[in-house]
Amino acid sequence: MSLSTTELRKDPGQLPGDGQKPALSLQNVHVIYRTRRGKVQAVRGVSLDLQAGESLALIGESGSGKTTLGLAIVQLLVSTARVEPGTIIYRRGDREVDVLQLKGAALREFRWRDCAMVFQSALNALNPVLRVWDQVWDTAKAHGWNDRKAVHERFLDLLRFVQLDPRRVIYAFPHELSGGMRQRALLAMALLLDPQILILDEPTTALDILTQRTIIDLLRRLKEEQHFTMIFISHDLAIAAELADRVATMYAGRVVEVGAVNDIFYRPRHPYTLGLIRAVPTVTGGFEELASIPGSPPDLINLPGGCKFHPRCPFATERCHHEEPDLEPVGPGHQAACWHWTEVEKELARNPLHRGVPLQATQASAQESREVQS
Ligand SMILES: Nc1ncnc2c1ncn2[C@@H]1O[C@H](COP(=O)(O)OP(=O)(O)OP(=O)(O)O)[C@@H](O)[C@H]1O
């Protein structure tokens, strides 16, 4: 028997756009890691709003600050990290929480009940010497649940929801499960306390293609049927295209472009986003069109002056060497931080992204039909 909508969500999520203030507001968030070599400026002045029920994908190369931003939201950064300046405000109903001021029990409460993060490496995120059930029960107890039977029943239901055989998984040790099973078990654990926001860090990395498909379908159900508010951290653009309402591109710790999923993938205005899209092979597009972004991301301890992308940017001019652009509107609900975004627009008019989103053939046609309808 599978879990029904009402059973899964004790506090059903709101639909996007139902007039509420954002569920999460980040204002000018900075994160620095202190290291022997110096200060790593991992996140630099990120401001983002996330509406209840909305899903946002954070895309960008390795090291662009995506995971650090996710960890800052749930306050799980290592002790060498500092979040300053900036504010992170979380809202649920009439409650408003200043996340960076939370401590002790209030912080633990926020982490599981309001905002849960599912980590990149499911094996590392689970305690290897504890059976799955023991970890679930520890979490439940830590949040004041003492009805063991009720927690057990709920977790069995959640395991069924994530399409795992509950009896096989619940008393297993993590190493007895495959990567895909561990990922789904973690997802079930994250859902235990019915959080409003789910942050998923590379949810399908290192999984085979069929297991990836299962996880993506599951996440889509969580989004479409259960209205979870979600942040996907991924360098896999196909996942972002399938699951996100909006996409934010990060480069060298900053959001350099943000907009609706179709705007980002069909009408990117930042040269870096354009480079990311053109650098991904597609089943339909073949490899002949494949282009890569020259160079590599900057050292976050010694950042270049001006726009941090200028050393790799085909559109860069003298101004880009000295002045760092802020995000500015480039279309409805669409912002980019580039002095030359109109040049990118012209370049796309000359060489359109026929293929659009880098998807598998079947997904591409579904995406294209959505694009035509919109
Ligand atoms: N604990 C740490 N101590 C020092 N520097 C760190 C630490 N964790 C991350 N960094 C640095 O912060 C920067 C951002 O890393 P982060 O993991 O947030 O990027 P990312 O975009 O999520 O990359 P990936 O996709 O590889 O996880 C990188 O330069 C990274 O080396």
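For ligands, and for the atoms within them, numbers begin at 1 and follow the listed sequence. Being a predicted model, the structure only gives us computed values, none of them experimental.
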- Message: Within the 4.0 Å heavy-atom shell around Ser64, which atoms of ligand 1 are there?
- Response: 19 (O), 20 (P), 21 (O)
- Does the side chain of His270 come under 3.5 Å of the side chain of Thr249 through a donor N or O and an acceptor N or O? no
- Gly60 touching ligand 1 at heavy-atom level, < 4.0 angstrom: no
- Query: Is a side-chain donor-acceptor pair under 3.5 Å present for Thr342 with Arg269?
  - Reply: no
- Distance only, no hydrogens: is a donor on one side chain within 3.5 Å (strictly under) of an acceptor on the other, for Glu61 and Tyr272? yes
- Query: Any heavy atom of Leu300 sitting closer than 4.0 Å to ligand 1?
  - Reply: yes
- Item | Donor-acceptor pair between Thr68 and Tyr33 side chains, under 3.5 angstrom | yes
- Query: Quick one: does Arg34 get within less than 4.0 Å of ligand 1, heavy atoms only?
  - Reply: no
- Restricting to heavy atoms, the pick from Thr67, Thr80, Leu69 nearest atom 17 (O) of ligand 1 would be Thr67
- Message: Looking only at side-chain N and O atoms, does Gln196 offer a donor or acceptor that is under 3.5 Å from a partner on Tyr90?
- Response: yes
- For Glu61, the atoms of ligand 1 under 4.0 Å from one of its heavy atoms are 21 (O)
- Message: Considering both backbone and side-chain atoms of Gly65, is one of its nitrogen or oxygen atoms within less than 3.5 Å of a nitrogen or oxygen in ligand 1?
- Response: yes
- Message: Counting non-hydrogen protein atoms only, what is the nearest one to atom 14 (C) of ligand 1? Give residue, atom name and distance.
- Response: Gly63 O, 3.6 Å
- Atoms of ligand 1 close to Val78 [distance to a heavy atom under 4.0 angstrom, numbered from 1]: 1 (N)
- Per-atom contacts of ligand 1 with Thr35, taking only distances under 4.0 Å to non-hydrogen atoms: 4 (C)
- Any idea which atoms of ligand 1 are less than 4.0 Å away from a heavy-atom of Thr68? 14 (C), 15 (O), 16 (P), 18 (O)
